Amino acid sequence: MASLTSHHLLPPFAEGIKTAPLVSVSFAKLEVGDKDASDAFFKACKELGFFYLDMLGSELGETIVAEAEKLNTLQQEFFKLPNEVKDKYGRPHLHPFYAYRFSELGVKGEDGVPLRSENYNVRKDDILGNCERLDCHPMILENNELYKSYVLHCRAAVDCMLEHLNTQLQLPRGTLANLHRIHERSGDHVRFVQAPPSPYDETSARRAEHTDFGSITILFNWLGGLQIRVPDTTEWVYVRPVPGSCVVNLGDALVRFTAGLLRSNIHRVVPPLGEQATWTRNSLVFFSRPEDSVVLRRLKGGLVDAQPVTEGDEPEMTAHEWIMAKGTGKLPGVYTKKGFEWKENDPRLQTSPVQLAGTA
Ligand SMILES: O=C(O)CCC(=O)C(=O)O
Ligand SMILES: [Fe+2]
């Protein structure tokens, strides 16, 4: 295992802290249609919306793990570039969402340069050549084959999970697959994430609370810091990175499609604890989304039909409109089983116009 991932090169996850009760689902078993694994997967999608996907023993899964390691090396190289170079590929002038983005922490590094929390979203349609490519740094372009293979592999894993959901939800055959055709334009993207060591700050932590707004997210992280809120409580617990597994979570689109049957759980990232606290933290995220033109509303058929009808002021929009509104902070709020909860008057959102975290 040690040779497949780089976790052993980093300090250990802090002991004695409360961790999230994530179940582990074997991807190898999902691939062969194992009934028990499928049931465990569906239960996790309904109850917590977060689980470990154990990639070991699956050729595709282990390939994804190996590619995630390579992309992690690449992101560390990318973030080492001078700020003025990275800024050329930044929001808002390049694109309001698919671009480099940062927020300054208000402290300077040893070299006197202000420390930044950073991310860089590269969209699937640029990577696969589905559209005219946005300008990007040569380092990204030179590694397009790696990106491409990662996107195709993550999408194959996502498609496998969508198929299981389709069956479990007893939806007409191909319902979810037809909303996620890879060669159609969509908001799928790969995100590089880096945060320098910084002390815990309650305002930043609360501002970072979010649900992901797409379909299925595949997340690799190497240090602690990811927290999820325990359903129906105000308690935040840490997610321990597990070598050879990724963390999978569902986004708002699946909650919307299933009228609240599936869960998109609130989460956030805070500085890692213990020996990990002095290390720069990276994570790598693959977000899958419904096709741009799909209107986000409840699906017809199967178990969804048995879900209660909720009245409310839920905005009905296409996946593309939803991404642009949420991703640029114009739609502050989170999804819960009760529907969309606006956070418009939340004073925490007024504290900074640049909201780097919390815009998944
Ligand atoms: O960095 C992580 O561990 C999680 C990141 C995340 O939740 C996001 O980018 O949506
Ligand atoms: Fe997220």
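Because the structure is a prediction, the values reported are computed rather than measured. Remember, it's 1-based here, ligands and their atoms both numbered in the order they're listed.
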Quiz item: Given that the side chain starts at C-beta and the backbone is N, CA, C, O, which of these parts of V239 lies under 4.0 Å from ligand 1, counting heavy atoms, or is it both or neither?
Solution: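 It is neither part, as no heavy atom is under 4.0 Å.
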
Quiz item: Considering only heavy atoms, does L219 approach ligand 1 within less than 4.0 Å through its side chain, its backbone, both, or neither?
Solution: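 Within the 4.0 Å criterion, L219 contacts ligand 1 through side-chain atoms alone.
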
Subset of ligand 1 atoms that lie under 4.0 Å from at least one heavy atom of [X]:
X    : answer
H267 : 7 (O)
F287 : 8 (C), 9 (O), 10 (O)
R281 : 1 (O), 2 (C), 3 (O)

Exercise. Measure from NZ or CZ of R268 to the centre of the six-membered ring of W236, then state whether that distance is under 6.0 Å and the direction lies within 45° of the axis.
Key: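 Flagged: R268 positioned over aromatic ring of W236.
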
Quiz item: Of all the heavy atoms in R268, does at least one lie under 4.0 Å from an atom in ligand 1?
Solution: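 R268 does not count as a contact of ligand 1 under the 4.0 Å cut-off.
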
Quiz item: Of all the heavy atoms in N221, does at least one lie under 4.0 Å from an atom in ligand 1?
Solution: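 Judged by the 4.0 Å heavy-atom criterion, N221 does count as contacting ligand 1.
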
Quiz item: Taking E118 as the fixed residue, which of K86, Q75, R101 is the one that meets the side chain to side chain donor-acceptor pair (under 3.5 Å) rule?
Solution: K86

Does a donor on one side chain and an acceptor on the other come within less than 3.5 Å for [X] and [Y]?
X    : Y    : result
Q227 : H267 : no
Q307 : T258 : no
D212 : N249 : yes

Exercise. Using the side-chain hydrogen bond (donor to acceptor under 3.5 Å, both in side chains) rule, take H7 and T5 through it: C-alpha gap first, then chi angles, then the decisive distance, then the call.
Key: CA-CA 6 Å; H7 292 78; T5 85; 2.9 Å; yes

Self-check item: Ring geometry between W322 and F213 (parallel below 30°, tilted from 30 to 60°, perpendicular above 60°)
Solution: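 If you compare the ring of F213 with that of W322, the planes turn out perpendicular.
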
Exercise. State the atom name: nearest N, O or S atom of H210 to the Fe ion (ligand 2).
Key: NE2

Quiz item: D212: which N/O/S atom is nearest the Fe ion (ligand 2)?
Solution: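 For D212, the N, O or S atom at the smallest distance from the Fe ion (ligand 2) is OD1.
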
